[in-house]
Amino acid sequence: MAAGYAWMLGRQRYSGQGMITLRNWYLTPVGRLLESVERHALERRMDALSGAALLQLGGFGSVPRLPANTARQWLIEPLEEGSADCRSLFEQLPFQSNSIDIVVLVHALEYSEEPQTVLREAERVLAPDGTLLMLGFNPWSSWGVTRAWRGHPNADGPWRGHYLSSGRARDWMGLLGLEVETVDYLYFRPPWNNWKAQERLQPLERFGALCLPWFSGVYLTTARKRVAGVTPLRPHWQKQRRLVGRGLAQPTSRNY
């Protein structure tokens with residue numbers, strides 16, 4: 001029991017510290033620029049979606065939560081944060097299976113020691129025909145080169161995370177029955193923390209998107225949960241769900 005609790009605290013500390021450094025980094029000049037691009041891409045994809053419940057793993061800088069038109073929305077962080085609805089391991093989400101319409105991963109896989117488990121949990125809680133939106137740093141970019149050069153366990157922001165290529169993410173999603181619909185390639189400028197340099201390099205955004213999309217610093221993958229022969233039934237949140245704490249569902253487990 002004690003060993004399991006210590007393991008859980010260790011995982012929370014590892015993921016939580018990484019996510020906190022990323023949120024602090026979003027307040028830097030280049031971090032603000034990237035956050036603006038990521039938010040715009042997410043909101044554009046979310047405008048075309050419908051659903052009653054949204055779950056967001058990981059937050060942004062000064063305003064961590066994404067705007068959503070869903071009836072219910074939760075922001076989960078590994079460590080206690082004022083803006084989060086609860087503290088939870090991304091590898092053990094306190095939600096019932098097949099209960100969330102939209103799941104958003106804000107670089108959640110990069111800061112986990114078990115990224116495949118995080119993805120499995122996201123798929124578990126996602127309702128049939130639900131949508132997964134995942135932001136990831138591209139290892140085959142100037143950001144990936146910078147991470148290889150500057151990255152270490154105590155690095156700040158993006159340089160602490162473990163990058164996952166969009167191709168590898170697609171493979172993992174396919175194994176879980178998630179069908180990738182689109183991949184948006186975002187931010188082609190190098191991660192130089194200088195406003196003037198970023199402004200001068202603005203033309204790279206158009207050139208990269210047209211000619212070298214696979215060299216973007218970040219990608220946004222949109223995938224849908226397909227379940228053969230299943231008609232999606234959305235839970236009636238206010239009548240049928242049993243909630244605990246601050247609007248969280250009674251935890252459940254699932255064997256793999």
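From a predicted model like this one, the values you see are computed outputs, not experimental measurements.
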Just verifying a value: how many Å separate [X] [atom1] and [Y] [atom2], rounded to the nearest 0.5 Å?
X	Y	atom1	atom2	value
Phe188	Asn138	CZ	CG	9.0 Å
Arg206	Cys211	CZ	SG	9.5 Å
Leu89	Leu57	CG	CG	11.5 Å
Ile100	Leu93	CD1	CG	9.0 Å
Thr222	Asp184	OG1	CG	6.0 Å
Ile102	Gln73	CD1	CD	9.5 Å

My understanding is that only residues two or more places apart in sequence, or in another chain, count here; which of them pass ring-ring contact (aromatic ring centres under 6.0 Å, His included) with Tyr185?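 None.
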
Under 4.0 Å between a side-chain nitrogen and a carboxylate oxygen: does that hold for Arg226 and Glu181?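 Judged by the 4.0 Å cut-off on N to carboxylate O distance, Arg226 and Glu181 do form a salt bridge.
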
Flag, side chain of [X] to backbone of [Y], donor-acceptor distance under 3.5 Å:
X	Y	result
Asp156	Thr21	no
Gln202	Leu204	no
Gln198	Pro190	yes
Gln56	Pro64	yes
Glu91	Glu121	no
Tyr111	Ile20	no
Ser36	Leu33	no
Thr28	Trp25	yes
Arg23	Gly59	no

Closest heavy-atom pair and its distance - [X], [Y]:
X	Y	result
Gly144	Tyr163	CA-CE2, 3.8 Å
Ser166	Val183	CB-CG1, 4.4 Å
Leu27	Arg32	O-NE, 3.2 Å
Met173	Val180	SD-CG2, 3.8 Å
Leu49	Arg224	CD2-NH2, 4.1 Å
Arg87	Pro78	CG-O, 2.8 Å

Just wondering, more than 12 heavy atoms not from [X] lying within 6.0 Å of its [atom1]?
X	atom1	result
Arg170	CZ	no
Trp192	CH2	no
Trp195	CH2	yes
Asp171	CG	yes

What I'd like to find out is whether the side chain of [X] reaches to under 4.5 Å of the side chain of [Y], using heavy atoms alone.
X	Y	answer
Val218	His107	yes
Val125	Gln96	no
Asp101	Thr70	no
Trp159	Pro191	yes
Leu132	Leu119	yes
Phe90	Ser112	no
Cys86	Ile76	yes
Leu178	Trp172	no

With the 4.5 Å side-chain cut-off for hydrophobic clustering, are [X] and [Y] part of the same group?
X	Y	value
Phe60	Val37	yes
Phe207	Trp214	yes
Val30	Leu22	yes

Verdict with reasoning, Arg120 to Thr117, per side-chain contact (heavy atoms from CB on, under 4.5 Å): CA-CA 5 Å; Arg120 279 199 300 268; Thr117 303; 3.2 Å; yes

Carefully, step by step, assess Leu135 and Leu186 under the rule side-chain contact (heavy atoms from CB on, under 4.5 Å). CA-CA 10 Å; Leu135 284 171; Leu186 314 170; 4.3 Å; yes

Hey, what's the ring geometry for Trp74 with Phe95, parallel, tilted or perpendicular (30° and 60° as the breaks)?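 Perpendicular.
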
Ring geometry between Phe137 and Trp143 (parallel below 30°, tilted from 30 to 60°, perpendicular above 60°):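 If you compare the ring of Trp143 with that of Phe137, the planes turn out parallel.
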
Evaluate Asn24 against Tyr26 for side-chain contact (heavy atoms from CB on, under 4.5 Å), listing each step before the verdict. CA-CA 5 Å; Asn24 291 335; Tyr26 272 127; over 6 Å; no

Among Thr131, Asn98, Asp129, whose side-chain hydrogen bond (donor to acceptor under 3.5 Å, both in side chains) with Lys225 holds?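 Between Lys225 and the candidates, side-chain hydrogen bond (donor to acceptor under 3.5 Å, both in side chains) is satisfied uniquely by Asn98.
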
How far apart are the C-alpha atoms of Tyr219 and Leu164, what are their side-chain angles, what is the distance that settles it, and do they pass the side-chain contact (heavy atoms from CB on, under 4.5 Å) test? CA-CA 10 Å; Tyr219 59 89; Leu164 180 72; 4.1 Å; yes

